[in-house]
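Below is one structure, written out as structure tokens; the observations come after it.
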There are 2 protein chains.
Amino acid sequence: MTTASAAPRGRPTIVDVAARAGVSKSLVSLALRGSAAVAPASRDAILAAAAELGYRPNAAAQALVARSSRTVGVLVLDLHNPVFAEILDGVLAGVRARGYRTMVVTGTDAAQERPELDKLLEFRVEGLVLVSHRLDAAALRAIAAETPVVVATRRDVTGPGIDTVCTDDRAGAELAVRHLVALGHRRIAHLGGGDDPVAADREAGYRDAMAAAGLERRTAVLPGGLDDAAGYAAARAALALRQRPTALFVVNDFAALGALAAVAEAGLDLPGQMSVVGFDGTRLSGLRSIGLTSVAQPLADIGRLAAERLFDRIDGRRTRARHTVLPPSLVDRATTASPRRPTTTVG
Amino acid sequence: MTTASAAPRGRPTIVDVAARAGVSKSLVSLALRGSAAVAPASRDAILAAAAELGYRPNAAAQALVARSSRTVGVLVLDLHNPVFAEILDGVLAGVRARGYRTMVVTGTDAAQERPELDKLLEFRVEGLVLVSHRLDAAALRAIAAETPVVVATRRDVTGPGIDTVCTDDRAGAELAVRHLVALGHRRIAHLGGGDDPVAADREAGYRDAMAAAGLERRTAVLPGGLDDAAGYAAARAALALRQRPTALFVVNDFAALGALAAVAEAGLDLPGQMSVVGFDGTRLSGLRSIGLTSVAQPLADIGRLAAERLFDRIDGRRTRARHTVLPPSLVDRATTASPRRPTTTVG
DNA sequence: GGCCGTTGTTGGAACGCTCCAACGACAGGG
DNA sequence: CCCTGTCGTTGGAGCGTTCCAACAACGGCC
């Protein structure tokens, strides 16, 4: 009676569902997507058949015919940096809210970044969010020519298809300096972050704020880096200065933790004899055994906005590049206070 | 002369490359995959045409015809926990080394976990790595019936298609207790982690080791949790015990940081009057301003092995479930020492 | 009773690729 | 000179979907 169709190999397809429900594959497609044109009886039969077979639509086939993958690619420079982890969280939430999938790439070394992004482009991701990156301007622009790109936390490379979302690092540094100045500090040293473009902005903000406070001559930038060890080393150098500072403004929280260790090791009272301000405001700085005063970036907002900017382009609402700079805020915790007394050079 | 073919809309396809190189699409396919059967002259022409057009293979089409996506799905419970971030790094490296792509899902609440995994299955991922999860046993087994699953850090749910890779939490707890006992501690309290299955193992290990050291009567488990605040609260409770412990073994590093804050707040000398041991051995514990003694999990190995176990199944090398338990190690830092003197109840 | 519109359904083309059977050209051997 | 291989190449089928034009059935209207 019924046609002895070949037993379906592998996973059931729409055709298997159609056969079982006794309708055409077109109607199954319609019914599964909830079309109102399908008669209730057919719809129920189709849904029942699909459930019985454990049918699951094939996203690759859908992507092929729809010419859209409903997928966004995300590159994260370094997951161990809580800054990036928190931004990523925001990005993922924003993308998920739109019903898109995410392909995340991370932990690559600089040389692998480009090939990994190429793999994402082969998947025809509809856009790319780069939570920082190490691409050169040419490579970034080449990618942006193919698909919309949003860069978070960096704004040094721009181009027609490139939006940026980041914190006003300069203003953040000024916030930190003004806070310390208001507490009565005059000798405020900055522990820098090397040749990182973000670190450069923070240093510039520090210099500006020092100058604005009439402390240009007290400006002291110690070469450092973005991690614990670099912060420790830079802080040791700062503590050994002839005119020892009473406060350290450090390029980021990780390095600030290293600086705290150096301060403790030097036997200085914190914050009485030495105040320390970090930058990033990650959860790390808020842990109660740390309590680091820090310039907080609106990390979740950065991630959410990055996703939003991308969908502006995906939906065709905008083609011009847009650059968003968000204001940071100072979170006052336990590592800052007024200097105990006019500093005298110790040792 | 030449056929006035329609200008290719959108991205160039293999057919556009073929037209430009003056060959058939089949030959282009062959050439792009490096077949030796293609004449050198044709190959060069094809590669040149592809480069000129900026051709990029369409992964969706390839996946459809190959009936394999060369993609692995990864679910990460919580990126902010460095434990999971470090395991993820290992997984990604392992998957990348095999030339597969990764689709990462994270930051979902418990209810979204299942639908997000369903989306991965629609993409026909060839396997799933769950870096912890909140699925019930039935849901996990249902998924494992469709595709190979490797669960990292948990081993409470098992089934035919489910491999597990985790640390020997019991042994780790024993390591911690033995270390403290060797230092001369007798009153060693445990700050627990609530109803988490991993925490249960650590508590069991603590109890065993205490019993083995003849300290069964000194066993004290304080209800806690896995974060900073919970560790702080549990530590305060521990410090208020009539027989105040001389050492705290805490369920994880985060909670241990909270405990450190409570110890400092109580004015106790660390480690002289109170030793603290954490668990996980994340980079956090190694920061020099923290220096937490901790039971380290081999996090990178867990990730790498999880990927390896998955590829065992993807490649069809194994079908039986395999459960891997890795030994932890104690990393002795600055928060443990011999108790300064026989404890007297203070306050 | 023929025509119309509506409702529900259908087959086929297309998406971009890989695979396969089969093709023409050409050289070598009988 | 024909047959046989080999080499390089080709068209077509198929992967699992969506979309579209077209269709059958049916009731209402003039």
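Convention: sequence-line order gives letters A, B, ...; per-chain numbering from 1. We use all heavy atoms of the structure for the numbers below, so side chains are in, but hydrogens, waters and symmetry mates are not.
- Screening Arg155(A), Arg318(A), Arg322(A) for a salt bridge (charged side-chain N to carboxylate O under 4.0 Å, His left out) with Asp163(A), the sole residue that qualifies is Arg318(A).
- Following rounding to the nearest Å, Asp16(B) (CG) and dC17(C) (P) show an atom-to-atom distance of 9 Å.
- Distances from the side chain of Val38(A) to the nucleotides dT10(C), dG16(D), dT9(C) place dT9(C) closest.
- Considering only side-chain N and O atoms, Thr13(B) lies nowhere under 4.0 angstrom from the phosphate OP1 or OP2 of dC15(C).
- Residues forming a side chain to side chain contact (heavy atoms under 4.5 Å, CB included) with Leu64(B) (at least two apart in sequence, or on another chain): Asn58(A), Ala61(A), Leu64(A).
- The backbone N or O of Thr13(A) sits nowhere less than 3.5 Å from a side-chain atom of Lys25(A) that would complete a donor-acceptor pair.
- Atom CG in Asn58(B) sits about 13 Å away from atom C1' in dC15(D), given to the nearest Å.
- Here dG16(C) presents its P atom at 10 Å from OH of Tyr55(B), a figure rounded to the nearest Å.
- Here Glu116(A) does not pair with Arg101(B) in a salt bridge; the nearest charged N to carboxylate O distance is not below 4.0 Å.
- To the nearest 0.5 angstrom, Thr106(B) atom OG1 is 7.0 Å from Leu88(A) atom CG.
- Formation of a donor-acceptor pair under 3.5 Å by the Arg20(A) side chain with backbone atoms of Val15(A) is not found in this model.
- When the local axes at the two ends of the helix from dG1(C)-dC30(D) to dG30(C)-dC1(D) are compared, using 5 base pairs at each end, they differ in direction by 80° after rounding to 10°.
- The CD-P distance, from Glu122(A) to dG16(C), rounds to 15 Å in whole Å.
- Distances shorter than 4.0 Å separate none of the side-chain N or O atoms of Arg67(B) from OP1 or OP2 on dT18(C).
- Nucleic acid contact class of Arg56(A) (heavy atoms, under 4.0 Å, all strands): sugar-phosphate only.
- The CG-C1' distance, from Leu53(B) to dG16(C), rounds to 15 Å in whole Å.
- Contacts of Ala66(B) with the nucleic acid, taken as non-hydrogen atoms under 4.0 Å apart, are absent.
- Which of dG8(C), dC17(C), dG16(D) sits closest to the side chain of Ala61(B) comes down to dC17(C).
- How far CZ of Arg56(B) is from CZ of Phe123(A): 14.0 Å, rounded to the nearest 0.5 Å.
- Of the residues near DNA chain D, Leu64(B) and Leu27(B), the one whose nearest nucleotide (by heavy atom distance) lies more toward the 5' end is Leu27(B).
- If you measure from atom CZ of Arg70(B) to atom C1' of dT18(C), you get 14 Å, rounded to the nearest angstrom.
- Taking 4.0 angstrom as the limit, Gln62(B) places none of its side-chain polar atoms (N or O) nearer than this to OP1 or OP2 of dG16(C).
- Judged by distance alone, the side chain of Thr71(A) and the main-chain N or O of Ser69(A) form a donor-acceptor pair under 3.5 Å.
- Under the 3.5 Å distance criterion, the side-chain polar atoms of Glu126(A) are matched with a main-chain donor or acceptor of Arg70(A).
- Looking at heavy-atom distances under 4.0 Å, Val23(B) makes contact with sugar-phosphate atoms alone, never a base.
- With Thr102(B) contributing its side chain and Val104(B) its backbone, the two residues share no donor-acceptor pair below 3.5 Å.
- One finds a side-chain N or O of Ser24(A) lying less than 4.0 angstrom from the OP1 or OP2 phosphate oxygen of dT10(C).
- Here dA14(C) presents its C1' atom at 19 Å from CZ of Arg11(B), a figure rounded to the nearest Å.
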Considering only nitrogen or oxygen atoms on both sides, find all protein atoms under 3.5 Å from nucleotides 19-23 of chain C and state each distance.
residue, atom, partner, partner atom, Å
dC19(C), OP2, Arg33(B), NH1, 2.5
dC19(C), N4, Ser26(B), OG, 3.3

